[in-house]
Chemist: 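What follows is a single structure, and I will ask about it in a moment.
One-based numbering, in listed order, for ligands and for the atoms of each.
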Amino acid sequence: MSEGIVARVDLRGVVVLDDAGGLTFCSVRKRLMDPGARLGNAIVVGDRVTVEEETVVTVAPRRNVFQRAAAGAAASGRLQTSAANLDRVLAVVALKDPPLSEGLVDRFAITAEWLSLPFAIAFTKADLVGAAEVSAAQALYARAGYPTFVVAAKAGGGVPGLRQAIDGQRTLLVGHSGVGKSTLLNALIPGLDLKIGEVNAKTGKGRHTTTAATLLRLDPGPPPTDVIDTPGVRAFGLPRVQPRDLSRLFPECRGHGLCRFSDCAHHAEPGCAVTAALAGGGASAARYAAYLKLYAELEGGAPARDAIRPGGRAKSRPGGRRR
Ligand code: GDP
Ligand code: ZN
């Protein structure tokens, strides 16, 4: 009997990384599959498992998960869990080529908040923009308290700082393709191709090995430093949040004291602590605008695609309650 962390999930089984750094392809006890006989949500990358004779026999309870709607299953609301036991979600977004999409960053952030996962942002391709643009991007999320990193990974700029910040943690990388995620990973992980090659060799190179999330160990620690690379996300809709729950997912809306109404939507209600903070310069106007935009979107029911509906968050409260 040995223990390890799932580094990759395949159609036929999983690749387990043991504490000594060894990779083993293991089959999975049938009772650990989900009812559809799929490995997908039953065991995911980051799961702690015990292995007996190259078969996974137990999966440890997860401390958290990263989920999104299963591809093409938005209507059914089926969720896909892509990773477990994370210390943080790092959104990788380019400052240019493709242009910075604040809407996308907001979606990543809200999803992480909804799942109660710490969130940070890596701005890439810093060499393509001026210093003013870099500071503006950072300033946008500073009040939210999200750590931001600026990298020009092609030339190695900013990579040591990011590496230090993720030391001893397990970080899930999310981002559209083309933002420079591979370049960043290559700068972070010497011999990356070799490591991915090793994992691939265990699963047998195939159609699924290039699209699956992969856990890569940067340092054995303890505590180990891991990154989980996820395939480029094409559509990334909002979690299925009630409009009134949105303010909870915007850190800027918190910490300004109590609004007069306990269910204040922070629009134009009297006695609103958020709009008061905004007027006093204590909140970011750009992020407040983003909040209003998303609020309207949720009210319109637009983001039904790619919805996420995890449990564990408080239900929305009945309206109109005065404190
Ligand atoms: P991925 O799809 O997110 O993995 O993106 P890649 O790492 O493959 O990079 C996409 C393109 O952006 C490639 O042409 C890279 O050479 C380029 N790129 C990546 N990082 C940087 C950077 O820091 N600066 C510049 N100028 N280009 C970059
Ligand atoms: Zn308010």
Chemist: Anything protein N/O/S under 2.8 Å from the Zn ion (ligand 2)? Just list residue and atom, please.
Modeler: C259 SG, C264 SG, H266 ND1, C272 SG
Chemist: Okay, side chain of D87, backbone of T171: is any donor-acceptor separation there less than 3.5 Å?
Modeler: no
Chemist: Apply the hydrophobic cluster definition, ILVMFWY joined by side-chain contacts under 4.5 Å directly or through others, and give me every member besides M1.
Modeler: V57
Chemist: Could you please provide the protein residues found below 4.0 Å of ligand 1 on a heavy-atom basis, arranged by chain and number?
Modeler: K125, D127, L128, A152, A153, K154, H176, S177, G178, V179, G180, K181, S182, T183
Chemist: Testing the basics here: between S247 and C253, what is the closest heavy-atom pair and its distance to 0.1 Å?
Modeler: O-CB, 3.5 Å
Chemist: Do L115 and Q67 come within less than 4.5 Å of each other through their side chains, counting heavy atoms only?
Modeler: yes
Chemist: State whether the number of non-hydrogen atoms from other residues, nucleotides or ligands found under 6.0 Å of E54 atom CD is greater than 12.
Modeler: no
Chemist: Could you list the residues that satisfy salt bridge (charged side-chain N to carboxylate O under 4.0 Å, His left out) with E252, not counting sequence neighbours?
Modeler: R287
Chemist: May I ask you to decide if the ring planes of H267 and Y295 are parallel, tilted or perpendicular, using 30° and 60° as cut-offs?
Modeler: perpendicular
Chemist: Hey, what's the ring geometry for F123 with Y141, parallel, tilted or perpendicular (30° and 60° as the breaks)?
Modeler: tilted
Chemist: Side chains of D167 and Q164, heavy atoms from C-beta outward: is any pair under 4.5 Å?
Modeler: no
